[in-house]
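Okay, structure first, notes after.
Here is how names work: the chains are called A, B, and so on, in the same order as the sequence lines, proteins then strands, and each is numbered from 1.
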Amino acid sequence: MSDDQQRTSTAGGLEDQRRIRADKVAAVRAAGGDPYPDRFARSATSADLHERFGALEPGAETGVVESVAGRVMLRRNMGKLIFLTVQDVTGSLQLFVSKADLGDDGFAAVVEIDLGDWVGATGEVITTRKGELSVKVGSVQLLTKALRPLPDKWRGLSDTDTRYRQRYVDLIVNEEARRTFRVRHQAVRSLRHQLDEEGFVEVETPVLQIEAGGAAARPFVTHHNALDQAMYLRIALELHLKRLVVGGIERVYEIGRVFRNEGISTRHNPEFTMVEVYWALANYDDMMALTERMICRAAQDAIGGYVVAHPDRPGATIDLTPAWPRRKITELITEFTGETVSVHDDVATLRATCDRLEVHFEHWWGAGKLVYAIFDKKVEEQLGHERPMFAYEYPTEVSPLAKPTPGDPDNTDRFELFIGGKELANGYSELNDPVRQRQMFEMEVAAAEHGDIEAARTVDEDYLRALEFGLPPTGGLGVGIDRVAMLLSGQPSIREVILFPTLRPESAEDIRRLAVDAADADDAAEPGEHSGA
RNA sequence: GCGCCUCUAGCUCAAUGGCAGAGCAACGGACUCUUAAUCCGCAGGUUCUGGGUUCGAAUCCCAGGGGGCGCACCA
């Protein structure tokens with residue numbers, strides 16, 4: 001490519017910095033060393049040492065020798081003395097490097113260390129005259145050479161595109177990013193512990209499915225070559241987990257990735273993580289209580305309290321202290337819109353209400369979809385800003401897998417949980433009447449034929465067969481893990497709690513553009529034997 | 001899909017139609033107690049891409065691309 005010839009010199013630029021670092025790799029090899037050694041016997045982490053020796057007086061000498069390792073984040077050269085700040089997974093620690101201790105050769109090797117390199121060091125644990133806990137280095141070893149420079153040591157990396165595409169760099173330099181994913185991990189672990197303690201069994205069900213059911217969403221489509229079969233990535237966990245309750249696993253859950261072929265926003269990623277829980281002999285009332293237990297414990301375990309920052313309202317907080325209020329959706333519609341509605345109203349009346357409220361509707365919608373549309377567009381975003389809110393009694397028409405409310409077949413025993421205007425959970429008493437379930441599936445197929453692109457296009461015959469063997473009374477629940485992580489970490493965007501969010505692809509050519517290849521390293525090791533490109 | 005905003009050195013940001021700059025990082029040097037070390041010096045640019053307007057464009061206009069936010073979509 002002629003690009004190389006046209007490109008002007010970049011001394012001090014990225015290309016130059018990487019060439020200089022590649023030269024150092026070659027120099028280490030030329031001296032018989034290994035810039036990428038096999039392992040390092042670390043005896044203590046940064047946190048270990050801060051915990052054991054955090055209270056020492058300035059100028060203390062402990063006589064304790066430890067081996068530490070980490071990435072070099074800061075360097076302060078003082079002539080014959082060098083301070084390195086190294087970061088490991090537990091925190092940061094200072095290395096005190098003296099030419100008098102290391103000798104000329106050892107000290108010269110430390111001079112070659114760059115920001116971003118991984119190093120291992122062994123020496124006495126001391127504090128400096130200013131009182132900083134340090135390892136007074138007796139020997140130091142390069143563990144991995146970094147060829148690319150780190151972002152600004154003080155300002156870090158703030159460009160969101162780069163932060164998401166190069167999450168590894170974000171995690172190196174941004175403590176906030178590390179904290180967010182620690183909170184997420186603790187929340188997930190907590191949910192799992194709570195369910196395990198209550199006797200729930202964790203399972204894994206298929207991601208690749210012949211028909212994607214259990215929610216209203218457009219699936220991703222793929223193809224299995226050997227079976228010559230179109231397959232779909234799952235949009236929910238529900239139908240397989242209820243099959244397992246039929247099989248006698250009375251308390252079952254799965255934490256899993258689901259995929260929906262929809263738009264991307266601060267609250268939506270095409271692949272996201274749900275936990276779904278099914279509990280035989282329980283109903284939606286029990287599931288609301290379980291939801292509360294799970295999220296409250298996650299808050300305690302992840303952030304140590306019930307008060308969280310409101311993600312979208314600076315300065316405001318949300319109090320998760322139980323018990324959370326429970327309200328019927330029709331009551332909430334009246335409270336927030338002033339309109340009185342019911343699924344028992346005729347369609348014309350409800351359409352007129354939608355018109356007054358400027359809620360869009362389609363001609364094939366029945367009373368249930370119209371009521372739900374009003375709730376969805378006008379009420380949901382206003383719920384849960386001070387305390388979480390359970391909304392319940394959802395129309396049957398929008399709840400094809402939920403059990404009808406006793407004495408009111410047009411409504412179901414279903415609830416959703418709202419916190420900060422966002423839906424975090426959805427649950428119900430499960431529909432276990434196979435005849436009625438078949439009717440609901442057939443209505444969905446009809447809706448699909450009317451043009452509802454998210455309705456199931458086929459009847460899931462195997463699921464109906466399972467129901468015919470008898471699904472006991474069962475309560476079900478789905479919780480959006482990403483949104484729980486957003487809530488507990490205080491992050492306003494789902495991309496901040498997903499390590500590698502979905503983005504448009506980056507050109508591989510751009511990434512590779514300045515890659516250091518073997519020829520560069522050879523040139524550096526044996527200058528003069530190659531003519532250069 | 002639509003609207004608004006945004007893209008300048010490896011990173012963080014200036015330059016509002018008139019010489020493309022700073023800090024950090026890099027490079028050369030001084031320094032045995034620093035804490036974003038300090039000090040001296042030096043270098044680094046496809047101003048996202050392609051057109052256009054203009055004596056002159058990072059800046060204005062058009063088209064395209066990346067990103068952000070909002071809307072739409074999202075039981």
Reckon A/R155 touches a base, only the sugar-phosphate, or nothing at all at heavy-atom distances under 4.0 Å?
sugar-phosphate

Report the nucleotide, chosen from B/rU32, B/rU35, B/rG70, that has the shortest atom-to-atom distance to any side-chain atom of A/T266.
B/rG70

What about A/D152, does its side chain sit under 3.5 Å from the base of B/rG23 through a donor-acceptor pair?
yes

When you get a sec, tell me which of B/rG66, B/rA26, B/rU12 is the closest nucleotide to the side chain of A/L115?
B/rA26

Heavy-atom distance under 4.5 Å between the side chains of A/K403 and A/N432, does that happen here?
yes

Where the side chain of A/Q17 is defined as all heavy atoms beyond and including C-beta, which of B/rA26, B/rA75, B/rG66 is the nearest nucleotide?
B/rA26

Measure from the side-chain heavy atoms of A/S158 and tell me the nearest of B/rA36, B/rC13, B/rA26.
B/rC13

Please classify the nucleic acid contact of A/R495 as base, sugar-phosphate, or nothing, using heavy-atom distances under 4.0 Å.
sugar-phosphate

Please work out if A/I82 contacts a base, only the sugar-phosphate, or nothing of the nucleic acid, heavy-atom cut-off 4.0 Å.
nothing

Return the residues of residues 390-402 of chain A meeting this criterion: a heavy atom under 4.0 Å from some atom of RNA chain B. Order them by number, or give none.
A/V398, A/P400

Whole-Å distance between B/rG10 P and A/Q166 CD?
13 Å

Strand RNA chain B in bracket notation, Watson-Crick/G-U under 3.5 Å with | for pairs to another chain
(((((((..((((....[..))))..((((.......))))......(((((..]....))))))))))))....

Counting heavy atoms from C-beta on, name the nucleotide in B/rC73, B/rG68, B/rU12 closest to the side chain of A/K377.
B/rC73

Give the nucleotide from the list B/rC71, B/rA75, B/rA36 with an atom nearest to the side chain of A/W154.
B/rA36

